[in-house]
Each structure stands twice: as structure tokens, then as C-alpha cells.
Amino acid sequence: MTSVVVMHWFRKGLRLHDNPGLLQALSLARYGTENDDGKRNAKNGGEGGGVGGRIYPVYVVDPNCYQLLKCSVNRARFLLECVKDLDNSLRERGSRLYVAIGDPVEILPRLWDEWKVTHLTHEADETGEPYAVERDEAIRVAASKAGVEVLACPSETLRPLGNVPGGYVANVGGMAINVPSTMSSFQQLLSRIDRGNIPPPLDAPNEIDFQEGGRDANYDDKYLPLEHPWEIPWPRGYSREEIGPVWNRVDCLDSSLSPIAKGGETIALRRLQLTVTARPDWTASFEKPMTSCTEVSSPSTTALSPYLSLGCLSPRTAWHAVADATKRAQAKTNRSKPPVSLHGQLLWRDFNNLMAHSANIQHPGSWGRMTNPYCREVPWSSDPKLLLAWKGGRTGYPWIDACMAQLRTQGWIHHLGRHSVACFLTRGDLWQSWEVGADHFEGQLLDADYALNSFNWLWLSCSGFFYQYFRCYSPVTFQKKNDPNGNYIRRWVPELANLPAKYIYEPWTANVGILNAAGVRLGANYPRPIVDHAVVSKENMSKMSLAYKEHNDRQAATKNNGRKATPLGSAASQPKKKVKKQTKIV
DNA sequence: CAGATGTTGTCCCT
DNA sequence: AGGGACAACATCTG
């Protein structure tokens, strides 16, 4: 009898619950066959005795992957906590995680050979993130050479993104469907698939599922580098000497200071329980724009995003937790609706993923760049001094600087805080490209996500999906109403903590006596504003207007030269655009 | 083609 | 607190 040896390769999807790839691996190891519909658990997935197969759950700490390439210390810590938690959960079930460091394209084939692997399962990467595409293709080629069968299962989103049954762009009768480019058309598309029902999450496998082919005693002492995290080559730019102290410092962080307690599936499910399941009325009536971005002690939202971005939490598990809690809410409680409801937040996530998927099908690898087909060309400047001031929270606008300080310290800020700083860097004030802002967020955010990060930067910079550039956030007044005393600023910019409330958002308007009394020395321990918002925001609106005109002219010229083929029939494939109308004079 | 709509603006008025 | 002007974007709907 040929024995089946399955490797389940964790990349994202760092969870046991609702993990179809893992269940397929278990089914193969126990019964030698795939779980036919991918919907039943491995324990129910077949008849008769097992085939004596074995399963090796594997994680490769890959310094070049999206999750580690640009990561801050905070983010590396969070990722490793997720991996450790996964190992703990597998050990509770009689298995374990085998962890290696380096390039999966070199490491995995060695392990296939060593372990006589016959099947490889992993979560499919559907957005077309360039590094993942290249890596997975190389793995597919190597697996084919090695005679290893590969099974990639979609489980990152509520529904698969691609052209598969139940997916958002599934071919219907051989006709490619139009990919929506607005949230409302996305919602309509979703409502047409199985009447908007979201498939229920799959249960986590239990100890019985792992009873055959659990641990391999021969390798118990191998692949345990997590005991020595300082050997991990992160983050980029730190010398080996620095990495030890960095790790120690991270371990000493008071995690209660952070809205994100700790990484890992266990904490993710507990946080879902505490924020959603235990609060039916809050969940049912949740409206994103009504939540506060100036909370000092704990987030006003669920702050589940870091767990979703690494796949510690399944979006379908979250969806059904919200649905169940909403059912239990009191009758008199107002039920909010997408896009502002909690379900709406998960829909945004899928919509963003679908847009990344679509952009990368049209122009591979373009999503994170200005060449993105959904991105308008705007002639941004490039000023390293301005960029550095923004990154370091030294813009002289306390609200902006406070947000950047929270980002740097906790790796998380409220969505509206992100709006403020992203608008400020791009179309609002500094006129720097959204790409450099996205790049910085990618490094700093615990919840950095390939699809969501670029989508939001396109949106805020009015380069794509959102175009009302005349709606501009003020770095002074936006939060004055919500936090008149400036408690958030006092928390994150301690240099300003003693200023009277009247001046906390605009220290440059205070006289020297007041500043001295508060210990503020403008230009010394706190900068003067690097730009005059009233002036530059007006100038920038004119620049945006011009950039849009030029965009429309280019579109019109393209139309005259004939249609450009685009495979998905998206908005980008319908060049139309009359020349902009003259403004009517009344 | 006109009119409605778009997750979360600001300022000033009553 | 609620509403309109601001100056006026793109996309979708009928």
C-alpha cells in the first residue's frame, strides 16, 4: 500500500477553524481521498478504515513574504505569536507545527524529499499579490517535478474571488460578468449569489482527526526555531547585534497598552466573543462612521482586523457571529445595514480583495502601484523632508502627529484616524504620492493587508473609487467636536499635554506666555506646522481638478484610438467620457 | 440623458 | 443639532 503523506503549508490562514485546506489535508491523510465537497469535516469525510497516512503542518518564516518584508518589530512579534499559538493548538490535538526559516521554494522540496510527501495543501492566494504569485508558481513547478500533488483552497474571503463555483467572478454560461467597481454594485452582485447567503464556517478538526499521522517522533527535536526567535532575520535593516535587544524590548511591552492584546487564533476567537457575541445590541446597531477615533483606553471598534489579515480569524466565522448576535439583540434595537454595519465591514474587505484580484488580472502586479488600472495619474511631488515629518509625527499638526504616534507605538489606529493622515499626506496637504504612504502603513500596521491597504490609499488620495476631492479633512477641526479637550493628543503627544484645550489642536495660535507655562517651545520640542493647511488644501484642490481634466482628456483620446481590451469588463474597460462640461454661470 | 447616489468634510447659519 | 452652501467628483439607475 502506498502511504499518503500530506504537508499542509500555513502562510496566511493561521487557524484551525474554517480551514478547508487543512481539512482536505486531514481527509487525504486518513482516507487517501479528497473531501468531496470541501464542506464536511475530515472526521465525517469518508467510510471505512484509514490508509495510515501522515500529516505535516508546516510554517516557513520567509523574510521576503508580504507579512515580513517591510514589517516593524510590533508586526513581527504579532506574526510569531500567531505561529506559536497555532503550534500550541496543534499539539493539543496530538500534532504540531514544523517551522523552518528561509525561502519556501528551497525549503519545501527538501522536506518533501525527507518526509516522502505525496500531497501539498495550502490556502489559495487569490489577490495576485506579486511575491505570492511568483512563490506559488515556483512551488507548483517544483511539486510537479517531485510528483507532489498540490491542492490550493480558497478561504481568505466570504466567497472565492475567482472564476470558481460560488465565486464572485464565476463564469455564467460562458459570459464573463462585469466586475463591480462600487460598493453598492458589489453588494448587488453578492445578493445574486445564493440569495446573499454566506456559507457557514467549517469546524476546527479535533484530536481524533489527527489520531493517524499526527506527530513524527523522528522529527520532534527538529524545526523548532521558535524557541530562538532572535535567529529570525527580521526586521530588515536591523543588524544581528540589534535583533536580540529588539526582541527583548518587544517581550517587555505591556500588551494591555495596545488595543491588540496578542496574536493568534485563540485570542482572535476570544476577542470575537467579547466584542460581538457578548454584545448583541452593540453589534446589531453598529455604524462605523459613528464610532470614535479618539478613544484613549481601548478601541471603539472590534479591532479584529489584525486577526483577519493573517487569517487567525475566518471572515465567515466573524460573519455568522455577527448574524447570531444580531438575532439576539432586543427587538427595539436599531439594526444597521451595510455598508456601515459590521457585516458591511466584512463586505468592504471582500470588495477590496476583489478589486485587487481584478486589477492584477488586467495588469499583473499593478494593484499596489500607480499603474493600477483603477488608479488615476496625479502628478504627486516627492519631498523626503515632508515624508519624514509625516512618518515621524513631526508635522506640527497635533491631531496628525498623535495619530502617527499611535501608529508607531501600537501598530493600529482607528479607520478615521487613517483617513486623516492619509488625506493629509496626499491630496489634502503634503501632496506626496499615496504609494509612499501605503508603503509606510504596510510596515507599521499590524493589520497590513495587500488588498485593503492600497484600496484605502487610492480612496483617500482620490486616485480611485472615491473622487470628491473637494471634501477634505481638516487636520484641526475634524476631531475638535468629538474630543474638545484633546485627550487623544495629550496621550500621544505628551509634549503638548499641558496646553489649555483652546490651543491643543493649534498650538501656534497660543502666545508665548501660554506656551511657556505648558512647557511647549515651538520649533524646539514641538514643530511649527510644516504647511499652512488653509493655503495648501486650496491649491491642492486646483491641482486635483487639473489632474482629473487631464485624465478625462486622455480617456477621450484613448476612445478615439479604439477600445483597449480588458478581460473583466470592469469600469476601466468602458472608456467614455465626454469632455468636461463648462460650469454653468447663473 | 437627467437625476440620484456615494461608509464617515467644512463652515456658517439658525 | 440640523440644514444648506460650498463648487461640483464619478458612477449607477431608469
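Note that the coordinates shown come from a computational prediction; the quantities given were computed from them, not determined experimentally.
- Among Trp367(A), Tyr374(A), Tyr168(A), the one residue that satisfies the side chain to side chain donor-acceptor pair (under 3.5 Å) test with Ser358(A) is Tyr374(A).
- Here dT8(B) presents its C1' atom at 12 Å from CG of Asn456(A), a figure rounded to the nearest Å.
- For Tyr548(A), taking side-chain heavy atoms from C-beta onward, the closest of the listed nucleotides dT10(B), dC9(C), dT11(C) is dC9(C).
- For Asp401(A) and Thr395(A), the side-chain atoms include at least one donor-acceptor pair closer than 3.5 Å.
- Between Thr477(A) and dC11(B) there is a side-chain N or O to OP1 or OP2 distance below 4.0 Å.
- Phe478(A) comes within contact range of the sugar-phosphate backbone alone, with a heavy-atom separation under 4.0 Å but no base atom that close.
- Checked against dC9(C), dT8(B), dT11(C), the side chain of Ser181(A) finds its nearest nucleotide in dT11(C).
- With distances taken from any side-chain atom of His419(A) to the nucleotides dT10(B), dC12(C), dT8(B), the minimum falls on dT8(B).
- Residue Glu377(A) places its CD atom among 12 or fewer non-hydrogen atoms of other residues, nucleotides or ligands, all under 6.0 Å distant.
- Remark on DNA chain C: of its neighbouring residues Gln468(A) and Ser185(A), the 5'-side contact belongs to Gln468(A), judged by nearest-heavy-atom nucleotide.
- Rounded to the nearest Å, the gap between the P atom of dG4(C) and that of dT5(B) is 15 Å.
- In this structure, the CG atom of Leu458(A) is 16 Å from the P atom of dA10(C), given to the nearest Å.
- Taking atom CE of residue Met290(A) and atom P of nucleotide dG9(B), one finds them 10 Å apart after rounding to whole Å.
- dT7(B) is unpaired under the Watson-Crick or G-U wobble criterion, no partner having all donor-acceptor distances under 3.5 Å.
- Taking side-chain N and O atoms only, Arg471(A) has no distance below 4.0 Å to OP1 or OP2 of dA7(C).
- Between His414(A) atom NE2 and dT7(B) atom C1' the separation is 12 Å, expressed in whole Å.
- Met183(A) comes within 4.0 angstrom of the backbone, heavy atoms only, and of no base.
- Judged by the 6.0 Å and 45° rule, Arg376(A) forms a cation-pi pair with Tyr548(A).
- Side chains of His414(A) and Thr291(A): a donor on one and an acceptor on the other come within 3.5 Å.
- In this pair, Trp399(A) and Tyr488(A) present their aromatic rings tilted. The plane angle is within the 30 to 60° band.
- In the set dC9(C), dT11(C), dT8(B), the nucleotide with an atom closest to the side chain of Pro289(A) is dT8(B).
- When each of dT7(B), dA8(C), dC11(B) is scored by its nearest atom to the side-chain atoms of Gln345(A), the top-ranked nucleotide is dT7(B).
- For the C1' atom pair drawn from dA8(C) and dA4(B), the interatomic distance equals 15 Å after rounding to whole Å.
- Between the CE atom of Met541(A) and the P atom of dC6(C) there is a distance of 15 Å, given to the nearest Å.
- Residue-level contact check: Gln187(A) touches neither bases nor backbone, having no heavy atom under 4.0 Å from any strand.
- For Arg376(A), counting side-chain heavy atoms from C-beta on, the closest listed nucleotide (dT7(B), dT8(B), dA10(C)) is dA10(C).
- For dC9(C), neither phosphate oxygen OP1 nor OP2 lies less than 4.0 angstrom from any side-chain nitrogen or oxygen of Asn552(A).
- Counting all heavy atoms, side chain and backbone alike, Leu407(A) lies closest to Ile413(A) at N-CG2, 3.9 Å.
- Computed from coordinates, the Arg349(A) CZ to dT7(B) C1' distance equals 18 Å when rounded to whole Å.
- Between dC9(C), dT7(B), dT10(B), one nucleotide has an atom nearer to the side chain of Tyr467(A) than all others, and that is dC9(C).
- With a cut-off of 3.5 Å on both Watson-Crick or G-U wobble distances, the partner of dA7(C) is given as none.
- Distances were taken from every side-chain heavy atom of Trp348(A) (C-beta onward) to each of dT7(B), dT10(B), dT8(B); the shortest belongs to dT7(B).
- Counting to the nearest Å, the P atom of dT10(B) and the CG atom of Asn482(A) are 10 Å from each other.
- The listed nucleotides are dG9(B), dT7(B), dC9(C); the one nearest the side chain of His415(A) is dT7(B).
- Atoms CZ (Arg427(A)) and P (dT10(B)) sit 10 Å apart, rounded to a whole Å.
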